[in-house]
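Below you'll find the structure, written out as structure tokens, and then a few comments.
Order of the sequence lines sets the chain letters (A, B, ...), proteins ahead of strands, with each chain counted from 1. Keep in mind that this is a model prediction, so the values were computed, not measured.
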There are 2 protein chains.
Amino acid sequence: MDQEILKKYSNVDECPVRNVLDRIGNKWTLLVLLVLEEQQVLRFNELHTYISTISQKMLSVTLKSLEADGLVKRTIYPQVPPKVEYELTARAQSLLPLIHNLVDWSKTHINAIKTSRKHYELVTRK
Amino acid sequence: MDQEILKKYSNVDECPVRNVLDRIGNKWTLLVLLVLEEQQVLRFNELHTYISTISQKMLSVTLKSLEADGLVKRTIYPQVPPKVEYELTARAQSLLPLIHNLVDWSKTHINAIKTSRKHYELVTRK
DNA sequence: ATAAAAACTAACCTAAACGTAAGTATCCAA
DNA sequence: TTGGATACTTACGTTTAGGTTAGTTTTTAT
């Protein structure tokens with residue numbers, strides 16, 4: 001990793017992985033992806049009942065950014081009242097195994113990490 | 001994923017993977033991990049020259065949280081002026097392969113994602 | 001007496017993320 | 001004519017992440 005690359009990757013816009021992590025690193029995206037993976041196709045309000053603690057606004061924002069990145073496909077049925085369905089794209093499917101690896105790693109290490117955090121708080125005392 | 005689990009994992013504090021992603025999802029953590037992986041052992045100012053665009057404050061904050069999570073080991077040498085060395089722990093080493101997978105996935109898909117974003121902007125027009 | 005060196009910390013500020021509550025559009029059924 | 005159904009949007013307010021600049025500590029070298 002030379003200085004050129006480092007300078008470039010320090011810039012969030014130009015760093016591929018930051019472009020991706022800025023999305024899956026936010027509060028709701030992962031949960032939406034995992035629920036859609038399990039349920040395959042869901043309407044807006046169905047997603048909302050699965051993830052009851054998300055606000056309508058944040059669900060809307062999250063779905064929009066997933067759709068913009070081509071990770072979720074949105075289908076509108078011209079009805080009244082409206083019907084809109086959401087499902088994962090192949091691109092999202094290819095990302096999900098990596099996410100599951102992260103989930104597994106986290107589950108494996110979370111207890112030790114929490115212990116480390118407590119210990120750190122104790123020794124740094126304040 | 002039943003309702004109980006979902007309710008639990010909607011809470012950031014109790015969700016293992018959110019506990020992890022909240023850290024690696026922030027602006028500087030990944031870069032610090034990757035530089036330390038390559039260089040193995042670095043002092044504070046050495047890290048700062050490798051990642052020149054980070055402020056001292058954010059480098060300090062980032063290293064502290066990595067240390068708290070047991071991902072970075074900090075060694076103080078009782079000298080004047082002080083000498084402090086940082087290096088990755090085994091826990092961090094076990095996480096790095098997953099991070100590299102994410103980096104690879106991002107590099108593979110970033111162009112298509114950026115194209116999707118542009119297209120989305122066009123069709124949603126405003 | 002002053003400065004230099006390393007590794008920070010403190011005080012302050014801004015912008016972005018996130019949350020809450022209410023409103024919008026459309027048609028149909030009562 | 002009112003209300004319900006669905007999928008949102010808008011207009012706020014609050015919280016958190018991150019940035020900037022200056023200051024702190026300690027001892028040795030000048």
Using whole Å, report how far [atom1] of [X] lies from [atom2] of [N].
X     : N      : atom1 : atom2 : answer
B:E85 : C:dA6  : CD    : C1'   : 13 Å
B:H48 : D:dG19 : NE2   : C1'   : 12 Å
B:K83 : D:dT27 : NZ    : C1'   : 17 Å
A:Q79 : D:dC8  : CD    : P     : 13 Å
A:L63 : D:dT6  : CG    : P     : 17 Å
B:R18 : C:dC18 : CZ    : P     : 9 Å
B:K57 : D:dA22 : NZ    : C1'   : 14 Å
B:Q56 : C:dA5  : CD    : P     : 14 Å

Angle class for the A:F44/A:H48 ring planes (parallel below 30°, perpendicular above 60°, tilted otherwise)?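 A:F44 vs A:H48 ring planes: tilted.
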So with a 6.0 Å cut-off around [atom1] of [X], is the heavy-atom count from everything else above 12?
X      : atom1 : answer
A:H119 : NE2   : no
B:Q79  : CD    : yes
A:K118 : NZ    : no

Phosphate oxygens OP1/OP2 of [N]: is one of them under 4.0 Å from a side-chain N or O of [X]?
X     : N      : result
B:K27 : D:dG19 : yes
B:N26 : D:dA17 : no
B:K64 : C:dT9  : yes
B:S60 : C:dT9  : yes
A:R43 : D:dT6  : no
A:R23 : C:dA17 : no

The helix from C:dA1-D:dT30 to C:dA30-D:dT1: angle between end helix axes, five pairs per end, rounded to 10 degrees: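 The two end axes of the helix from C:dA1-D:dT30 to C:dA30-D:dT1 meet at 40°.
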Listed nucleotide nearest any side-chain atom of B:W28, set D:dA7, D:dT26, D:dG18: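 Of D:dA7, D:dT26, D:dG18, D:dG18 is nearest to the side chain of B:W28.
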Kindly point out which of D:dG19, C:dT20, C:dT26 is positioned nearest to the side chain of A:V80?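 Side chain of A:V80 sits closest to C:dT26.
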Looking for any heavy atom pair under 4.0 Å, which part of the strands does A:Y86 touch: base, sugar-phosphate only, or nothing?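 Answer is sugar-phosphate: A:Y86 comes under 4.0 Å of backbone atoms only.
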Checking side chain to side chain contact (heavy atoms under 4.5 Å, CB included) against B:P16, which of A:K114, A:K107, A:H109 comes through?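 When A:K114, A:K107, A:H109 are each tested with B:P16, the side chain to side chain contact (heavy atoms under 4.5 Å, CB included) holds only for A:K107.
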5' priority, DNA chain D, between B:M58 and B:P82 [closest heavy atom]: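 Its nearest nucleotide lies further toward 5', so the answer is B:M58.
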Same cluster (ILVMFWY, side-chain, under 4.5 Å), A:L71 and B:I110: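 Per the 4.5 Å side-chain linkage, A:L71 and B:I110 are not co-clustered.
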What about B:L63 and B:Y77, same hydrophobic cluster or not, with Ile/Leu/Val/Met/Phe/Trp/Tyr joined at side-chain heavy-atom distances under 4.5 Å?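 No, B:L63 does not connect to B:Y77 through the hydrophobic network.
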Under 3.5 Å side-chain donor-acceptor pair for A:S106 and B:R18: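 The criterion, which ignores hydrogens and geometry beyond distance, is not satisfied for B:R18 and A:S106.
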